[in-house]
Undergrad: 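For reference, the structure I am asking about is given below.
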Amino acid sequence: MEDRSEVLFPSFHGVEEEEEEKHKSRKKKEREPRFAFQTRSQVDILDDGYRWRKYGQKAVKNNPFPRSYYKCTEKGCRVKKQVQRLSGDEGVVVTTYQGVHTHPVDKPSDNFHHILTQMHIFPPI
DNA sequence: CGCATTTGACCCGCGC
DNA sequence: GCGCGGGTCAAATGCG
């Protein structure tokens with residue numbers, strides 16, 4: 001983990017979706033890029049340097065553990081984060097980021113111990 | 001006093 | 001058309 005900040009927050013530019021552009025015409029809800037990675041952690045709350053406000057928690061089927069929904073508390077930043085454990089492996093936490101950060105990190109993060117897998121989920125536009 | 005967390009309700013899309 | 005699964009909101013509460 002030399003440069004985790006680059007790994008966790010790649011330069012996702014070009015997908016600037018309008019917020020209140022929900023007219024009935026063209027451009028129907030642009031899909032924000034999603035980025036997911038799995039980590040070995042004992043806590044769901046991984047401090048990546050950003051501020052997250054939990055706005056929901058739902059139990060997913062086929063998973064004994066609930067999924068938590070977080071949103072970035074930054075102004076104008078509508079980045080969402082989704083955290084869930086793997087069924088059968090409570091030691092593995094899957095974190096899914098949705099959207100792009102428009103603000104730099106304000107706090108150095110060191111909680112990313114072991115990143116197992118990373119995957120880019122391209123928006124099915 | 002301000003803000004983050006919590007929990008249930010509500011809403012939406014999809015499949016049957 | 002209804003039911004299920006998933007996602008978000010919103011009011012209340014607790015804590016710093």
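Protein chains get the first letters and strands the later ones, always in sequence-line order, with residue 1 at the start of each. This structure is a prediction, so every number in the text was calculated from the model and none was measured.
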Undergrad: I need a per-nucleotide contact map over nucleotides 4-15 of chain B, read 5' to 3'. Cutoff is protein heavy atoms under 4.0 Å; write B for the base, S for backbone only, - otherwise.
TA: -BB---------

Undergrad: I need the Trp52(A) CH2 to Glu74(A) CD distance, nearest 0.5 Å.
TA: 8.5 Å

Undergrad: Hey, which of these two, Lys61(A) or Lys71(A), hits DNA chain C nearer its 5' end, going by closest nucleotide?
TA: Lys61(A)

Undergrad: Would you say that Lys81(A) contacts Cys72(A) through its side chain, given a criterion of any heavy-atom pair below 4.5 Å between the two side chains?
TA: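 Not in contact.
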
Undergrad: Is there side-chain contact between Cys77(A) and His101(A), with at least one heavy-atom pair below 4.5 Å?
TA: yes

Undergrad: Looking at Asn63(A) and Leu86(A), would you say the former's side chain and the latter's main chain have a donor-acceptor pair under 3.5 Å?
TA: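 Checking the backbone N and O of Leu86(A) against the side chain of Asn63(A), no donor-acceptor pair under 3.5 Å is found.
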
Undergrad: Within the pair Tyr69(A) and dG7(C), is there a side-chain N or O less than 4.0 Å away from OP1 or OP2?
TA: yes

Undergrad: If you group Ile, Leu, Val, Met, Phe, Trp and Tyr by side-chain heavy-atom gaps below 4.5 Å, do Ile115(A) and Phe35(A) land in one group?
TA: yes

Undergrad: Only counting residues at least two apart or in another chain, list the ones meeting side chain to side chain contact (heavy atoms under 4.5 Å, CB included) with Tyr69(A).
TA: Tyr55(A), Lys58(A), Arg67(A), Gln82(A)

Undergrad: What's the separation between atom NZ in Lys80(A) and atom OG1 in Thr96(A), rounded to the nearest 0.5 Å?
TA: 12.5 Å

Undergrad: Gln82(A) has an atom CD; how far is it from atom C1' of dG7(C), in whole Å?
TA: 8 Å

Undergrad: Is there side-chain contact between Thr95(A) and Thr39(A), with heavy atoms separated by less than 4.5 Å?
TA: yes

Undergrad: Do any N or O atoms of the protein come closer than 3.5 Å to N or O atoms of nucleotides 14-16 of chain C, and which pairs are they?
TA:
none

